[in-house]
Undergrad: 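Okay, here's the structure, questions in a sec.
Positions are given from 1 along the sequence.
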Amino acid sequence: MTVTLTKSSDRTSNQILLPSIRWETYRAIACDLESQPNKRLTYDQGLLEIRMPSELHESYKKLLGRIVEVLTESLDLEICSLGSMTCDREDLARGLEPDQCYYIQNEAQVWGKDQIDLQIDPPPDLAIEIDITSSSLNRFAIYAQLGVPEVWRYDGQAITIHHLVGDRYILGDRSLAFPVLKTSDIQSFLELKNTLKENALISHVREWATKR
(Lines give C-alpha, C1' and ligand atoms only; values in the text may rest on other atoms or scores of the structure.)
Protein backbone atom coordinates (compact mmCIF):
# COMPACT_ATOMS: atom_id res chain seq x y z
CA MET A 1 0.00 0.00 0.00
CA THR A 2 1.35 3.41 -0.97
CA VAL A 3 -0.04 6.60 0.54
CA THR A 4 0.85 10.01 -0.86
CA LEU A 5 -0.39 13.17 0.85
CA THR A 6 -0.04 16.75 -0.27
CA LYS A 7 -0.03 19.53 2.29
CA SER A 8 -2.43 22.40 1.69
CA SER A 9 -1.93 25.99 2.76
CA ASP A 10 -5.47 25.88 4.21
CA ARG A 11 -5.10 24.99 7.91
CA THR A 12 -8.47 23.21 7.94
CA SER A 13 -7.34 21.01 5.04
CA ASN A 14 -4.19 19.80 6.80
CA GLN A 15 -5.90 16.79 8.33
CA ILE A 16 -7.81 13.84 6.92
CA LEU A 17 -10.19 11.69 8.97
CA LEU A 18 -10.89 8.18 7.68
CA PRO A 19 -13.62 6.00 9.27
CA SER A 20 -13.89 2.21 9.45
CA ILE A 21 -10.15 1.54 9.21
CA ARG A 22 -9.04 -1.89 10.40
CA TRP A 23 -6.05 -2.23 12.71
CA GLU A 24 -4.05 -4.01 10.01
CA THR A 25 -4.74 -1.17 7.56
CA TYR A 26 -3.68 1.44 10.12
CA ARG A 27 -0.43 -0.40 10.77
CA ALA A 28 0.24 -0.74 7.03
CA ILE A 29 -0.30 3.01 6.54
CA ALA A 30 1.93 3.76 9.55
CA CYS A 31 4.72 1.66 8.04
CA ASP A 32 4.20 3.19 4.60
CA LEU A 33 4.45 6.73 5.98
CA GLU A 34 7.73 6.12 7.82
CA SER A 35 9.44 7.77 4.83
CA GLN A 36 7.21 10.84 5.26
CA PRO A 37 8.06 11.94 8.82
CA ASN A 38 6.03 15.16 8.53
CA LYS A 39 2.80 13.16 8.86
CA ARG A 40 1.15 12.43 12.22
CA LEU A 41 -1.24 9.52 12.67
CA THR A 42 -3.88 9.07 15.35
CA TYR A 43 -5.91 5.86 15.52
CA ASP A 44 -8.91 5.40 17.79
CA GLN A 45 -10.90 2.19 17.41
CA GLY A 46 -11.41 2.38 13.66
CA LEU A 47 -11.03 6.12 13.14
CA LEU A 48 -7.75 7.17 11.52
CA GLU A 49 -6.63 10.78 11.37
CA ILE A 50 -3.66 11.87 9.25
CA ARG A 51 -2.33 15.36 10.01
CA MET A 52 0.24 17.41 8.15
CA PRO A 53 1.89 19.82 10.62
CA SER A 54 2.74 23.39 9.63
CA GLU A 55 6.20 24.93 9.67
CA LEU A 56 5.30 26.80 12.88
CA HIS A 57 4.24 23.52 14.47
CA GLU A 58 7.55 21.89 13.53
CA SER A 59 9.55 24.88 14.78
CA TYR A 60 8.07 24.67 18.29
CA LYS A 61 8.33 20.88 18.28
CA LYS A 62 12.05 21.05 17.62
CA LEU A 63 12.60 23.86 20.11
CA LEU A 64 10.83 22.07 22.95
CA GLY A 65 12.74 18.93 22.04
CA ARG A 66 16.04 20.76 22.32
CA ILE A 67 14.96 22.21 25.67
CA VAL A 68 14.24 18.71 27.01
CA GLU A 69 17.56 17.39 25.76
CA VAL A 70 19.66 20.22 27.20
CA LEU A 71 17.85 19.86 30.54
CA THR A 72 18.83 16.19 30.75
CA GLU A 73 22.43 17.06 29.90
CA SER A 74 22.65 19.86 32.44
CA LEU A 75 20.84 17.94 35.20
CA ASP A 76 22.91 14.79 34.54
CA LEU A 77 19.93 12.64 33.58
CA GLU A 78 19.96 9.87 30.99
CA ILE A 79 17.47 10.04 28.14
CA CYS A 80 16.20 7.95 25.26
CA SER A 81 14.83 10.30 22.60
CA LEU A 82 12.36 8.66 20.25
CA GLY A 83 10.89 11.63 18.39
CA SER A 84 7.52 10.80 16.83
CA MET A 85 7.72 7.08 17.53
CA THR A 86 4.42 5.33 16.85
CA CYS A 87 2.91 4.56 20.25
CA ASP A 88 0.12 2.02 19.88
CA ARG A 89 -1.39 -1.14 21.31
CA GLU A 90 -3.45 -3.60 19.33
CA ASP A 91 -5.31 -4.75 22.45
CA LEU A 92 -6.60 -1.18 22.90
CA ALA A 93 -7.09 -0.54 19.16
CA ARG A 94 -5.55 2.88 19.75
CA GLY A 95 -2.36 4.60 18.76
CA LEU A 96 -0.74 7.92 17.97
CA GLU A 97 2.51 9.62 17.09
CA PRO A 98 3.61 12.27 19.60
CA ASP A 99 5.40 15.34 18.31
CA GLN A 100 8.27 14.26 20.58
CA CYS A 101 8.55 11.54 23.20
CA TYR A 102 11.21 10.52 25.68
CA TYR A 103 12.15 7.91 28.21
CA ILE A 104 13.79 9.60 31.19
CA GLN A 105 12.71 7.95 34.46
CA ASN A 106 12.40 4.58 32.68
CA GLU A 107 15.32 5.04 30.29
CA ALA A 108 17.17 2.03 31.75
CA GLN A 109 14.25 -0.28 30.90
CA VAL A 110 14.42 0.46 27.17
CA TRP A 111 18.13 1.16 26.73
CA GLY A 112 19.62 -0.95 23.96
CA LYS A 113 16.29 -2.16 22.59
CA ASP A 114 15.86 -2.03 18.82
CA GLN A 115 12.09 -2.22 19.10
CA ILE A 116 9.72 -1.20 21.88
CA ASP A 117 6.48 -3.09 22.50
CA LEU A 118 4.08 -1.07 24.64
CA GLN A 119 2.22 -4.21 25.65
CA ILE A 120 5.43 -5.28 27.44
CA ASP A 121 7.57 -2.17 27.87
CA PRO A 122 6.61 0.98 29.78
CA PRO A 123 5.22 3.90 27.77
CA PRO A 124 7.38 7.00 27.21
CA ASP A 125 7.78 9.11 30.35
CA LEU A 126 7.19 12.40 28.56
CA ALA A 127 5.32 13.34 25.39
CA ILE A 128 5.13 16.75 23.73
CA GLU A 129 2.01 17.91 21.90
CA ILE A 130 2.08 21.00 19.68
CA ASP A 131 -1.61 21.74 19.39
CA ILE A 132 -1.62 24.82 17.16
CA THR A 133 -4.04 23.01 14.83
CA SER A 134 -6.15 20.73 16.99
CA SER A 135 -6.73 17.08 16.27
CA SER A 136 -10.23 15.84 15.45
CA LEU A 137 -9.68 12.97 17.89
CA ASN A 138 -9.15 12.99 21.65
CA ARG A 139 -5.42 12.38 21.75
CA PHE A 140 -5.23 12.91 25.51
CA ALA A 141 -7.65 10.02 26.03
CA ILE A 142 -5.33 7.83 23.93
CA TYR A 143 -2.27 8.97 25.90
CA ALA A 144 -4.17 8.07 29.08
CA GLN A 145 -5.03 4.60 27.72
CA LEU A 146 -1.36 4.06 26.86
CA GLY A 147 -0.34 5.20 30.36
CA VAL A 148 1.96 8.10 29.42
CA PRO A 149 2.54 9.83 32.79
CA GLU A 150 3.32 13.35 31.53
CA VAL A 151 2.33 15.42 28.50
CA TRP A 152 3.44 18.95 27.66
CA ARG A 153 0.95 20.79 25.44
CA TYR A 154 1.70 24.01 23.59
CA ASP A 155 -1.21 25.73 21.81
CA GLY A 156 0.76 28.53 20.16
CA GLN A 157 0.35 30.84 23.15
CA ALA A 158 0.82 28.93 26.40
CA ILE A 159 2.50 25.75 27.59
CA THR A 160 0.70 23.44 30.02
CA ILE A 161 1.93 20.36 31.86
CA HIS A 162 -0.48 17.45 32.29
CA HIS A 163 -0.04 14.62 34.80
CA LEU A 164 -1.83 11.29 34.46
CA VAL A 165 -3.88 10.54 37.58
CA GLY A 166 -5.92 7.38 37.28
CA ASP A 167 -7.45 7.41 33.82
CA ARG A 168 -7.33 11.15 33.16
CA TYR A 169 -4.95 14.09 33.07
CA ILE A 170 -4.82 16.97 35.50
CA LEU A 171 -2.87 20.20 35.18
CA GLY A 172 0.40 20.33 37.09
CA ASP A 173 2.58 23.30 37.95
CA ARG A 174 5.87 21.47 37.41
CA SER A 175 7.33 18.56 35.47
CA LEU A 176 7.47 15.00 36.78
CA ALA A 177 10.55 14.27 34.67
CA PHE A 178 12.27 17.47 35.85
CA PRO A 179 10.95 18.34 39.34
CA VAL A 180 12.93 21.62 39.39
CA LEU A 181 11.11 22.80 36.25
CA LYS A 182 7.87 24.75 36.57
CA THR A 183 5.34 25.46 33.85
CA SER A 184 6.23 29.14 34.16
CA ASP A 185 9.90 28.32 33.47
CA ILE A 186 9.10 26.61 30.16
CA GLN A 187 6.80 29.48 29.23
CA SER A 188 9.57 31.99 29.85
CA PHE A 189 11.96 29.96 27.67
CA LEU A 190 9.45 29.89 24.80
CA GLU A 191 8.84 33.62 25.06
CA LEU A 192 12.54 34.20 24.39
CA LYS A 193 12.05 32.75 20.89
CA ASN A 194 11.22 36.22 19.54
CA THR A 195 14.29 37.91 21.04
CA LEU A 196 17.01 35.23 21.02
CA LYS A 197 18.29 33.05 18.23
CA GLU A 198 17.90 29.34 18.82
CA ASN A 199 21.39 28.44 20.05
CA ALA A 200 21.45 31.49 22.32
CA LEU A 201 18.10 30.43 23.77
CA ILE A 202 19.37 26.90 24.40
CA SER A 203 22.49 28.33 26.07
CA HIS A 204 20.18 30.32 28.35
CA VAL A 205 18.30 27.13 29.29
CA ARG A 206 21.58 25.35 29.96
CA GLU A 207 22.78 28.16 32.24
CA TRP A 208 19.43 28.13 34.06
CA ALA A 209 19.60 24.38 34.65
CA THR A 210 23.22 24.32 35.84
CA LYS A 211 22.27 26.71 38.64
CA ARG A 212 19.61 24.31 39.97
Side-chain angles (χ1 to χ4, degrees), residues 11 40 42 51 53-85 87 96-107 122-135 137-212:
R11 285 164 62 99
R40 296 287 181 276
T42 306
R51 288 196 295 160
S54 67
E55 289 81 3
L56 183 62
H57 176 286
E58 294 296 276
S59 174
Y60 277 103
K61 178 197 85 165
K62 292 294 290 184
L63 179 59
L64 278 166
R66 290 195 68 186
I67 288 172
V68 168
E69 289 157 14
V70 77
L71 285 171
T72 59
E73 292 173 9
S74 301
L75 297 171
D76 197 24
L77 298 171
E78 271 301 343
I79 186 173
C80 178
S81 305
L82 290 172
S84 298
M85 175 188 78
C87 299
L96 47 64
E97 295 171 349
D99 287 309
Q100 301 276 19
C101 68
Y102 306 91
Y103 286 89
I104 301 172
Q105 297 98 309
N106 285 310
E107 179 274 338
D125 297 304
L126 172 63
I128 292 177
E129 282 283 297
I130 307 300
D131 204 9
I132 295 173
T133 302
S134 297
S135 170
L137 301 179
N138 188 343
R139 286 170 62 86
F140 269 77
I142 299 173
Y143 277 122
Q145 286 278 313
L146 295 173
V148 176
E150 180 175 1
V151 180
W152 295 2
R153 176 181 179 269
Y154 182 65
D155 65 1
Q157 299 293 325
I159 188 87
T160 47
I161 294 176
H162 303 259
H163 299 160
L164 183 62
V165 177
D167 61 356
R168 66 187 183 92
Y169 286 95
I170 63 170
L171 286 174
D173 65 351
R174 65 179 63 235
S175 172
L176 297 175
F178 308 104
V180 299
L181 183 71
K182 297 180 181 178
T183 307
S184 57
D185 296 321
I186 312 174
Q187 184 71 32
S188 69
F189 299 152
L190 293 178
E191 289 172 356
L192 291 173
K193 189 175 187 294
N194 294 323
T195 56
L196 290 179
K197 293 186 178 181
E198 190 170 320
N199 282 341
L201 193 159
I202 294 302
S203 293
H204 171 82
V205 177
R206 181 180 291 108
E207 183 178 358
W208 177 93
T210 55
K211 293 178 180 178
R212 295 319 185 258

Undergrad: Which pair of heavy atoms, one from A209 and one from L75, lies closest together, and at what distance?
TA: O-CD2, 3.7 Å
Undergrad: Would you say Y102 and S81 make side-chain contact, with heavy atoms under 4.5 Å?
TA: yes
Undergrad: Between E58 and K62, does a salt bridge (charged side-chain N to carboxylate O under 4.0 Å, His left out) hold up when you go through it step by step?
TA: CA-CA 6 Å; E58 294 296 276; K62 292 294 290 184; over 6 Å; no
Undergrad: Where is the tightest heavy-atom contact between G65 and I128, given as atom of each residue plus distance?
TA: N-CD1, 4.3 Å
Undergrad: Evaluate the side-chain proximity of D185 to K182: yes if any heavy-atom separation is below 4.5 Å, no if none is.
TA: yes
Undergrad: Taking only residues two or more places apart in sequence, or in another chain, which ones meet T72 in a side-chain hydrogen bond (donor to acceptor under 3.5 Å, both in side chains)?
TA: none
Undergrad: I need the H162 NE2 to T183 OG1 distance, nearest 0.5 Å.
TA: 8.5 Å
Undergrad: Quick check: closest heavy atoms across S135 and L137, and the distance to 0.1 Å?
TA: OG-N, 3.0 Å
Undergrad: Got a sec, which residues hit salt bridge (charged side-chain N to carboxylate O under 4.0 Å, His left out) with K197, two or more places apart in sequence or on another chain?
TA: none
Undergrad: Restricting to non-hydrogen atoms, name the atom on I104 and the atom on L77 that form the minimum distance, rounded to 0.1 Å.
TA: CG2-CD1, 4.4 Å
Undergrad: State, yes or no, whether a side-chain contact exists between L126 and L176 at a heavy-atom distance under 4.5 Å.
TA: no
Undergrad: Using the ring of each side chain (for Trp, its six-membered ring), is Y154 parallel, tilted or perpendicular to Y60, with breaks at 30° and 60°?
TA: tilted
Undergrad: List the residues meeting side-chain hydrogen bond (donor to acceptor under 3.5 Å, both in side chains) with Q187, not counting sequence neighbours, and say none if there are none.
TA: E191
Undergrad: Does the side chain of C87 reach to within under 4.5 Å of the side chain of P124, using non-hydrogen atoms?
TA: yes
Undergrad: How many angstroms lie between atom CZ of R153 and atom CG of L64, to the nearest 0.5 angstrom?
TA: 13.0 Å
Undergrad: Considering residues at least two apart in sequence or located in another chain, which fulfil the side-chain hydrogen bond (donor to acceptor under 3.5 Å, both in side chains) criterion with Q100?
TA: none
Undergrad: Tell me the closest heavy-atom pair linking G147 and P123, and the distance in Å.
TA: O-CG, 3.2 Å
Undergrad: Passes side chain to side chain contact (heavy atoms under 4.5 Å, CB included), V180 versus W208? Steps please.
TA: CA-CA 11 Å; V180 299; W208 177 93; 4.2 Å; yes
Undergrad: May I ask you to test the L63-L201 pair for a side-chain heavy-atom distance under 4.5 Å?
TA: yes
Undergrad: Show every donor-acceptor pair shorter than 3.5 Å between a side-chain atom in residues 167-174 and any protein atom, with sequence neighbours excluded, or say none if there are none.
TA:
from, atom 1, to, atom 2, distance (Å)
Y169, OH, Y143, O, 3.4
Y169, OH, V148, O, 2.5
R174, NH1, P179, O, 2.6

Undergrad: Pair I202, E69 - check side chain to side chain contact (heavy atoms under 4.5 Å, CB included), show working.
TA: CA-CA 10 Å; I202 294 302; E69 289 157 14; over 6 Å; no
Undergrad: Can you list everything that forms a side-chain contact (heavy atoms from CB on, under 4.5 Å) with N106? Sequence neighbours excluded, please.
TA: Y103, Q109, P122, D125
Undergrad: Looking at residues at least two apart in the chain, or sitting in another chain, which of them share a salt bridge (charged side-chain N to carboxylate O under 4.0 Å, His left out) with R66?
TA: E198
Undergrad: So, applying side-chain contact (heavy atoms from CB on, under 4.5 Å) with I186, which one of L71, V68, I159 is it?
TA: I159
Undergrad: Only counting residues at least two apart or in another chain, list the ones meeting salt bridge (charged side-chain N to carboxylate O under 4.0 Å, His left out) with E129.
TA: R139
Undergrad: I'd like to check T160 versus V151 (side-chain heavy atoms, cut-off strictly below 4.5 Å). Are they in contact?
TA: no
Undergrad: Going by side-chain hydrogen bond (donor to acceptor under 3.5 Å, both in side chains), name the residues that satisfy it together with K193, two or more places apart in sequence or in a different chain.
TA: S59
Undergrad: Does S203 have any side-chain contact (heavy atoms from CB on, under 4.5 Å) partners at least two apart in sequence or in another chain, and if so, which?
TA: R206
Undergrad: Please round to the nearest 0.5 Å and tell me the distance separating atom CG of D155 and atom CD1 of I132.
TA: 8.5 Å
Undergrad: Which residues pass the ring-ring contact (aromatic ring centres under 6.0 Å, His included) test with H57, not counting sequence neighbours?
TA: none
Undergrad: Holding to side-chain contact (heavy atoms from CB on, under 4.5 Å), I want the full list of residues that pass it with S175, two or more places apart in sequence or in another chain.
TA: E150, W152, I161, A177, F178, L181
